Amino acid sequence: MNIRVVRSGGLAGLRRQRELDSGGLSGGERARLEGLVDAARFFELPHTLTRGTPDMIRYRVTVERAGAVHEVEVDDDLADSALLALIEIVLDEPGDPHHRP
């Protein structure tokens, strides 16, 4: 499974992008990611979950799994807890200079 997250917007308008290939993860970490994708019902989400509010943090999340690809653009306040957890894991992957322990 491959997951790409692009974070943009906010007051500063900063953009950040990270990609994570689950093939390099341990079995437990891979299972956790799979569980979050399933818990968020990611492949059932509409392509756009935005309000168009100025200065809102927005995420574009793309998941490739077992030959299927789905992309969702979502405002921070409209994402459920499973989707936000998935986003956080990808953006805060160890080795990332912005990683918060």
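In this text, all values refer to a predicted model and were calculated from it rather than measured experimentally. In this chain, numbering begins with 1 at the start of the sequence shown.
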**Asked** Going by heavy atoms in the side chains, are Arg65 and Phe43 under 4.5 Å from each other?
**Response** yes
**Request:** Please work out which of the three classes, parallel, tilted or perpendicular, describes the rings of His47 and His70, given edges at 30° and 60°.
**Result:** tilted
**Prompt:** Just how far is it from atom CD of Glu64 to atom OG of Ser22, taken to the nearest 0.5 Å?
**Reply:** 10.5 Å
**Arg41 atom CZ, neighbour heavy-atom count above 12 within 6.0 Å** = no
**Request:** Answer with yes or no whether the hydrophobic clustering places Leu84 together with Ile89; edges join I, L, V, M, F, W, Y residues whose side-chain heavy atoms lie under 4.5 Å apart.
**Result:** yes
**Request:** Calculate, to the nearest 0.5 Å, the distance between atoms CZ and OG belonging to Arg32 and Ser26 respectively.
**Result:** 10.5 Å
**Asked** Hey, any chance Leu78 and Val63 share a hydrophobic cluster, counting ILVMFWY side chains that come within less than 4.5 Å of each other, even indirectly?
**Response** yes
**Item:** Closest non-hydrogen atom pair between Ala39 and Asp80, with its separation
**Value:** O-OD2, 4.5 Å
**Request:** Drop me the distance from Glu88's CD to Leu83's CG, to the nearest 0.5 angstrom.
**Result:** 12.0 Å
**Fill in**
Partner of Ile3 under side-chain contact (heavy atoms from CB on, under 4.5 Å), picked from Asp21, Leu36, Leu86, is Leu86
**Request:** Taking all heavy atoms of Glu73 and all of Thr50, pick out the closest pair and write down the distance.
**Result:** O-CG2, 3.7 Å
**Complete:** Taken to the nearest 0.5 Å, the spacing of Leu20 CG from Met1 CE works out to 7.5 Å
**Message:** So Asp75 and Leu49, do their side chains get closer than 4.5 Å, heavy atoms only?
**Reply:** no
**Message:** Between Val61 and Leu45, is there a side-chain heavy-atom distance shorter than 4.5 Å?
**Reply:** no
**Request:** For the pair Arg16 (side chain) and Arg7 (backbone), establish whether a donor and an acceptor sit closer than 3.5 Å, ignoring hydrogens and angles.
**Result:** no
**Request:** Check step by step if side-chain contact (heavy atoms from CB on, under 4.5 Å) holds for Arg60 and Arg4.
**Result:** CA-CA 8 Å; Arg60 188 176 55 213; Arg4 183 169 34 104; 4.2 Å; yes
**Message:** Nearest 0.5 Å, please: how far is CG in Asp76 from CZ in Arg51?
**Reply:** 11.0 Å
**Asked** Hey, what do you get for CG (Leu91) to OH (Tyr59), rounding to the nearest 0.5 Å?
**Response** 6.5 Å
**Message:** Applying a strict under-4.5 Å side-chain criterion to I, L, V, M, F, W and Y, I'd like to know whether Met56 and Val5 cluster together.
**Reply:** no
